[in-house]
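Being a predicted model, the structure only gives us computed values, none of them experimental.
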Amino acid sequence: MKKIFSFLLMSFCITGINAQTGIKDSLKLLLQKEQADTSRALLLADLSFEYIESKPDTAMALALEALSISRRTGFIKGEALSLNRVGNVYNVLGNYPKAMEIFLQALKINEKLGNLDGIRRNLVGVGNIYFEQGDYRQALEYLFKAKALAEKINNKRSIAVILINIGANYYRLKIFDSARIYTQQSYDVASGINYVRIIGGSLINMGDIHFETGQNNLALEYYRLSIPYSKKEENDLRLSQTFLGIAKVFEKNGQYDSVHFYAKQSFLIARGKGFTKEILDAGSFLSSFYKKRQNVDSAFFYLEVAKAANDSMFNQQNVKQLQNMTVDEKFRQEDIAIAALKAKEERRHNLEYVAIIVSLLTFLIFFLALSRSIIVKQKFIKFCGILGLLAVFEFINLYIHPYLAHITNHSPLWMLLILIGIGALLVPLHHWLEKWITRIIIEKNKKLRLAAAKKTIEELEIKKE
């Protein structure tokens, strides 16, 4: 345990919290200089993300401004990103049906664009909604899809976020070994890029895991180590969660004055910022705490607050609305998977057909060119060569199309330019092959004609005799 503490304290010192340039300040400075609407929309969306867990009202205002600019200028990618930020705010505030609606709206846009980073972002959002609803297995399904996309595009920040969320789901499933592994991986990735928000979040989650496994002192140390990171990020959501975690540890240790102080801090932060889930958690804890102390008035007050927060998040209408959207999205994802399988199978068949055509044309040309008894016209060979060129080009197009679409982000202009480049390489090769085969055919035809002429002369001479 001492080694673990030493490692954590060392990492705390070398992470360089104070050395990190304030992301919010940098984004604000860029916004002051930027004039282009598309760039401003992206910067506003990024700035919105930085305020989600500290000032959700500000985050919402920035996201809506980015959304307005994107829609006004027809910037579809910016619209999808802005919608995702709006969904993030609704999620933090506990409005899960609205968050799910927005995330799915953004997901459909990104799927049409083929924007893998956007799809990854939306999958994480949907996974987080399932997490908040207690459907941890479904949440993990979305998060692992998002993880594969994040690794494909090598987005380290996203990988760190996804890993911490995967760890949180395993924690809720009480699979603590997996929870610890993924949380540690998240901490390692975040430390490698000095991602303060996730470093702090990973330490909080480690505190939760150790608390649940009965290691109270170690849990308390993790919670305390996370506080400077949360304060540096002005992350009030994380601070509220941390203070409640510390209160629970002190309750186990029988230090009731500290329990009251930290639980109250957690509640005040949550209520001041409108974090509904954290209001529910802190309110429920304080109600139980005061009930055990025989303080009926305070217990009743916090019970009512917790009940109001619970009703806000989980009233019957919201639950039904969320269930309907969940079912619809599940069917939609199944349809997408089936369509993708059909498209893959169809593409495989097309590749096979074109490959057969190329093989047959190649065999025919070389057979006729190298045949010892057939005279071939150059025009026929030229015609077959053109067919072969078209078939080879189509085969290459079919084969590289999915990769080309990903690289160019489905841009018709770039796809056309790359295909023109491929064609520009194939045409000289085709001309070279055509000349080579034509030369072989001319020489072969001359030999065949010479042989035929000799044979005819011999036959005439025999008749004269």
Distance from [X] atom [atom1] to [Y] atom [atom2], nearest 0.5 Å?
X      : Y      : atom1 : atom2 : answer
Glu234 : Leu239 : CD    : CG    : 10.0 Å
Glu221 : Asn216 : CD    : CG    : 13.0 Å
Ser230 : Leu237 : OG    : CG    : 9.0 Å
Ile204 : Leu244 : CD1   : CG    : 11.5 Å
Lys145 : Leu140 : NZ    : CG    : 12.5 Å
Asn122 : Asp117 : CG    : CG    : 9.5 Å

How close do [X] and [Y] get, counting heavy atoms only, and between which atoms?
X      : Y      : result
Ala139 : Asn169 : CB-OD1, 3.2 Å
Arg180 : Met206 : O-CE, 3.6 Å
Ile129 : Met100 : CG2-CE, 3.7 Å
Ala219 : Gly207 : CB-O, 3.2 Å
Asp236 : Ser54  : OD2-O, 3.4 Å
Leu149 : Leu123 : CD1-CD1, 3.9 Å

Check against side-chain contact (heavy atoms from CB on, under 4.5 Å), Phe75 and Ile69
CA-CA 8 Å; Phe75 183 31; Ile69 293 173; over 6 Å; no

Is it the case that the side chain of [X] and the backbone of [Y] share a donor-acceptor pair, with hydrogens and angles ignored and the cut-off at 3.5 Å?
X      : Y      : answer
Lys24  : Leu47  : no
Asn235 : Lys231 : no
Thr242 : Arg238 : yes
Ser287 : Gly283 : no
Arg40  : Leu31  : yes
Thr276 : Leu93  : yes
Ser48  : Leu44  : no
Ser158 : Asn155 : no
Tyr136 : Tyr171 : no
Thr213 : His210 : yes

Find out whether [X] and [Y] are in side-chain contact, i.e. whether some heavy atom of one side chain is under 4.5 Å from a heavy atom of the other.
X      : Y      : value
Arg72  : Asp37  : yes
Ile164 : Tyr182 : no
Tyr223 : Asp208 : yes
Asn194 : Val196 : yes
Asn217 : Asn253 : yes
Pro97  : Asn95  : yes
Phe131 : Asn165 : no
Lys55  : Glu50  : no

Only counting residues at least two apart or in another chain, list the ones meeting side-chain contact (heavy atoms from CB on, under 4.5 Å) with Gln105.
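Only Arg71, Leu83, Ile102 meet the side-chain contact (heavy atoms from CB on, under 4.5 Å) criterion with Gln105.
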
Who pairs with Ala270 by side-chain contact (heavy atoms from CB on, under 4.5 Å), at least two apart in sequence or on another chain?
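Scan of Ala270 (side-chain contact (heavy atoms from CB on, under 4.5 Å), adjacent residues dropped) gives Ser240, Phe275, Glu278, Ile279.
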
Yes or no on side-chain contact (heavy atoms from CB on, under 4.5 Å) for Phe243 and Ile227, after CA distance, side-chain angles and deciding distance?
CA-CA 9 Å; Phe243 289 150; Ile227 292 173; 4.1 Å; yes

Can you run down the salt bridge (charged side-chain N to carboxylate O under 4.0 Å, His left out) pairs that involve residues 420-429, sequence neighbours left out, and say none if there aren't any?
none

Any carboxylate oxygen within less than 4.0 angstrom of a Lys/Arg side-chain nitrogen, looking at Glu111 and Lys108?
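No salt bridge links Glu111 with Lys108.
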
Does Phe211 form a side-chain contact (heavy atoms from CB on, under 4.5 Å) with Lys252? I'd like the steps, not just the answer.
CA-CA 10 Å; Phe211 177 74; Lys252 287 284 186 182; 3.6 Å; yes

Among residues at least two apart in sequence or on other chains, which ones pass side-chain hydrogen bond (donor to acceptor under 3.5 Å, both in side chains) with Lys307?
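Result, side-chain hydrogen bond (donor to acceptor under 3.5 Å, both in side chains) vs Lys307: Asp311.
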
Under the side-chain hydrogen bond (donor to acceptor under 3.5 Å, both in side chains) rule, collect the residues that match up with Arg197, sequence neighbours excluded.
Glu53, Tyr195

Extract all donor-acceptor atom pairs below 3.5 Å that involve side chains of residues 255-262 and protein atoms in other chains or at least two apart in sequence.
residue, atom, partner, partner atom, Å
His260, NE2, Tyr290, OH, 2.6

Is the closest side-chain donor-acceptor distance between Glu132 and Asn128 under 3.5 Å?
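No, because no side-chain N or O of Glu132 sits under 3.5 Å from a partner of the opposite role on Asn128.
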
Could you tell me if Ser186 and Ser202 have a donor-acceptor pair between their side chains, going purely by distance under 3.5 Å?
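Ser186 and Ser202 do have a side-chain donor-acceptor pair below 3.5 Å.
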
Does atom CZ of Phe300 have more than 12 heavy-atom neighbours, drawn from other residues, nucleotides or ligands, at distances under 6.0 Å?
no

Carefully, step by step, assess Lys147 and Glu151 under the rule salt bridge (Lys or Arg N to Asp or Glu O under 4.0 Å).
CA-CA 6 Å; Lys147 180 173 177 285; Glu151 289 171 344; 2.8 Å; yes

Measure from the ring center of Tyr302 to the ring center of Phe285 and say whether it is less than 6.0 Å.
no

Does the gap between the ring centers of Tyr170 and Phe176 come in under 6.0 Å?
no

Working for ring-ring contact (aromatic ring centres under 6.0 Å, His included), residues Tyr142 and Tyr130:
CA-CA 9 Å; Tyr142 275 86; Tyr130 281 117; 5.4 Å; yes

May I have the step-by-step check of side-chain hydrogen bond (donor to acceptor under 3.5 Å, both in side chains) for Tyr222 and Asn205, ending in yes or no?
CA-CA 8 Å; Tyr222 274 110; Asn205 286 13; over 6 Å; no

Geometric cation-pi criterion Arg293 and Phe289, 6.0 Å radius, 45° cone
yes

Derivation and outcome, salt bridge (Lys or Arg N to Asp or Glu O under 4.0 Å), residues Arg85 and Asp46:
CA-CA 8 Å; Arg85 300 306 188 219; Asp46 287 343; 3.5 Å; yes

Worked check of side-chain contact (heavy atoms from CB on, under 4.5 Å) between Asp281 and Phe267:
CA-CA 8 Å; Asp281 293 341; Phe267 177 79; over 6 Å; no

